Structure formats: structure tokens, C-alpha cells
2 protein chains.
Amino acid sequence: MGIENVAQYLKSHGIKPSYQRVRVFEYLITNRNHPTVDTVYKALADEIPTLSKTTVYNTLKLFAEKNIVLVINIEDNEIRYDADTSVHGHFKCLKCNKVYDFQFDEENLNIKSIEGFDFHQTHVYIKGICKNCKMNY
Amino acid sequence: MGIENVAQYLKSHGIKPSYQRVRVFEYLITNRNHPTVDTVYKALADEIPTLSKTTVYNTLKLFAEKNIVLVINIEDNEIRYDADTSVHGHFKCLKCNKVYDFQFDEENLNIKSIEGFDFHQTHVYIKGICKNCKMNY
DNA sequence: TTATATATTTGTAACGATTACATTATTGTT
DNA sequence: AACAATAATGTAATCGTTACAAATATATAA
Ligand SMILES: [Mn+2]
Ligand SMILES: [Mn+2]
Ligand SMILES: [Zn+2]
Ligand SMILES: [Zn+2]
């Protein structure tokens, strides 16, 4: 994504840009790894020794409410976050556990049997084995 | 689904058809409501007073491993189960919390950027407001 | 600047869904 | 009936998440 000024970006979405919030959001856009709360916490705890895991929880929940992050529920045992809020799908490799982005044509989904419904969010999740893992095993 | 003999169906998928397993699977195919563990437990506990919630957990996990139920993770705070294992999408209404099935054209998704990956499962989840709730509020 | 109010962060305790595990019950076989 | 194997049950433990109160930081007014 092309976010140059993170503080300004947060402000423009109604979020006061505290130090911790800026750092969490910066983590998301520089490491595009669809991290869990724990991943973010462990990564930042070194550089921000006073950081509390509760703050990471609160911050990501706030980001989700303000719609600057997507909440990704591919697996039932982990919640991941994504600062890329454009419409795209997620592929999780069952061997290396990496989550890949992919594009898809939403219009061509050609959805039947739920006409007249209001769509707020669409999530497309695919599980399988990625190219790397297919070759190396 | 057209499953006449549940016990036979379980056997054919490598599952010994104990009384509890048959009852849980029967619940799934008669009430097509994408229930949680708790929903199944509460519904059957009346008729099977000795039923343990652990058994419902074990049973649904076994069904998922043997691929006779789908695990549905639309929301991060609830795991739902579906005995209809055909490819179809799920719409969750954010007002009435009902989960609707819908069909979609998998081929037309036209997925880019993950060529050469092996797909095991595809999930399409949509959240929004259903037709009923739109009209009645 | 100082005082005061508001917002945010922190750390700990509580919660709740899920799992682990030991015990009991059931089923199938000799 | 005796035995072995499998499944169900109930309780305790686990772990991710949330609630909450105290501490800290930030903004505003005097
Ligand atoms: Mn993504
Ligand atoms: Mn379904
Ligand atoms: Zn992989
Ligand atoms: Zn509804």
C-alpha cells in the first residue's frame, strides 16, 4: 500500500495516532504477513519493552472497527489481520502455514439464491499446498 | 441431502456408528442450521440426558477429519458445522445471525497469482443483512 | 507553567471455549 | 463368561481473549 504518513492516515480514519498505534500499523504495512496478535506483540516487544499485549488487542480491534484492517478467519484457532483492505482472497498453505494473497473477480462469482441481500463484506479463503511446498517435499 | 441410512453412511466413511454419532449426524441433516457445538449439545441433551458436551466436540471433530462435515469460520467467536459438503457459500446476517447457503461459480472466480497451488478447500463467506431483516426494520 | 480533564496504556484477574485425561460404559470376539 | 478394544463421560487444565482498575500520557484552561 502507499501509505507515507501513518499518523495522518490514522487521523483521517478517526483514530488518534498514539505511538503504539502508529507502530502497530507500521508493522502491518511493512510486514505483509497477515499476523496474529501474538505475532505483532512478539515482534514489537523488543523495540517497545513496555508494550502490553492488551494494547495490541485493543489497537487491532479499533483498527477493525474503523475499517483500516481486515479480520481474517481462515482457521478456527487463529485470528489474523491485514492492513490491505482491498477486495482480495487468502490462501493458507497447510504445510508452511503461510498466507498468500490472490485476486479474484467478485462479479463473476455469479451468486444465486440470495438476491436482495445487502453485502457488507466478502471473504474468499482457500486452503491447500503452496507451490514451494509442493516442490520441496 | 439424500442420506437414508445414517449408520451406513458413517460406516462408508470409516466411522463406527455409535448411538451418539448417529444422533449428532441426524441432527445436522434434519436441521440445516449450521449449528455450533453448543447448539447441537443443547438440542440433543433433552433426549439424550447422559450426553456429554465433550462427546459432541469429539464427534464433530471426527466428522470433520473424515470429511463428512464442513467447518465454517465466518465469525471469529463461533465455529459452525455443516453436513452439506458440496461446494457452496455462506452468508451470515449481522442482524438475525442466521447463516444462509448460496451457490456460486467456482470456475469463474478467475483466480490469479497463485498458479500451481493445490486447492484442498474453498470457502466463500459473505456478511451483511438478509432480505427479511431489511424489510422488517 | 500549573491545574484539571480526557484518553490511552498497562498489568492482572476473570472468562469461556476447547482440549486433555482418567474413569466408566459399551461393544465385539474368543 | 471373560477379555480386549473402542467410545462416552465428567472433571480439570489450557489458552486466547476480555474486563477492569491503576498508572501514564495527552490535551485544554486558567
Ligand atoms: Mn491479504
Ligand atoms: Mn451450508
Ligand atoms: Zn507452503
Ligand atoms: Zn437477517
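This structure is a prediction, so every number in the text was calculated from the model and none was measured. Letters A, B, ... mirror the listed sequences (proteins, then strands); counts begin at 1.
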Q: Scan B/Ser18 against the nucleic acid and name what it touches under 4.0 Å (heavy atoms): base, sugar-phosphate only, or nothing.
A: sugar-phosphate
Q: Figure out the CG/C1' separation between A/Asn73 and D/dG16, and round it to whole Å.
A: 14 Å
Q. How long is the line joining NZ of B/Lys61 and P of C/dA17, in whole Å?
A. 16 Å
Q: Mind running a 4.0 Å heavy-atom check of residues 37-46 of chain A against DNA chain C and sending the residues that fall below it, in number order?
A: none
**Q.** Residue whose closest nucleotide on DNA chain D lies nearer the 5' end, B/Arg21 versus B/Lys53
**A.** B/Arg21
(Q) Parallel, tilted or perpendicular, judged at 30° and 60°: which one describes the rings of A/Tyr125 and B/Tyr125? (A) perpendicular
Q | Residue of the set A/Lys134, A/Lys131, A/Lys127, A/Lys95 for which salt bridge (Lys or Arg N to Asp or Glu O under 4.0 Å) holds with B/Asp118 | A | A/Lys134
Q.
Please report the distance, rounded to the nearest Å, between CZ in A/Arg80 and P in D/dG16.
A. 14 Å
Q) How close or far is atom C1' of C/dT18 from atom CD1 of A/Ile79, stated in whole angstroms? A) 14 Å
(Q) Side-chain N or O of B/Tyr57 versus OP1/OP2 of C/dT18: is the shortest distance under 4.0 Å? (A) yes
Q) For C/dT10, does either OP1 or OP2 sit under 4.0 Å from a side-chain N or O belonging to A/Thr50? A) yes
(Q) If you assign A/Thr59 and B/Asn58 each to the DNA chain C nucleotide with the nearest heavy atom, which residue ends up on the more 5' nucleotide? (A) A/Thr59
Q: Output the distance between atom CG (A/Asn110) and atom CG (A/Asp105), rounded to the nearest 0.5 Å.
A: 12.0 Å
**Q.** Distance test, side-chain N/O of A/Gln20 to OP1/OP2 of C/dT10, below 4.0 Å
**A.** yes
Q) Under 6.0 Å between ring centres, would you say that holds for A/Phe102 and B/Phe117? A) no
Q: Give a yes/no on whether any side-chain N or O of B/Ser52 is located under 4.0 angstrom from OP1 or OP2 of D/dA8.
A: no
Q: Identify whether any heavy atom of B/Asn77 sits under 4.0 Å from a base atom; if not, whether one sits that close to sugar-phosphate; answer base, sugar-phosphate or nothing.
A: nothing
Q | Rounded distance in Å - CD (A/Glu78) to C1' (C/dA17) | A | 17 Å
Q. Using a cut-off of less than 4.0 Å, is there contact between a side-chain N or O of B/Lys16 and OP1 or OP2 of C/dT26?
A. no
(Q) Regarding A/Thr122 and A/Glu106, do their side chains bring together a donor and an acceptor under 3.5 Å, going by distance alone? (A) yes
Q: Could you tell me whether the side chains of A/Asn73 and A/His123 share a donor-acceptor contact shorter than 3.5 Å?
A: no
Q. Roughly how far, to the nearest 0.5 Å, is the CD1 atom of B/Ile68 from the CZ atom of B/Phe63?
A. 4.5 Å
Q) Nearest-Å distance, CD1 (B/Ile48) to P (C/dA25)? A) 18 Å
Q. Could you give the OH-to-C1' distance, from B/Tyr19 to D/dT6, as a whole number of Å?
A. 19 Å
Q. Mind checking whether A/Phe119 and B/Phe91 have parallel, tilted or perpendicular rings, split at 30° and 60°?
A. tilted
Q) Taking CG from A/Leu62 and P from D/dT18, how many angstroms apart are they, rounded to a whole number? A) 13 Å
Q.
Just N and O in the side chain of A/Thr54: are any of them under 4.0 Å from OP1 or OP2 of C/dG11?
A. no
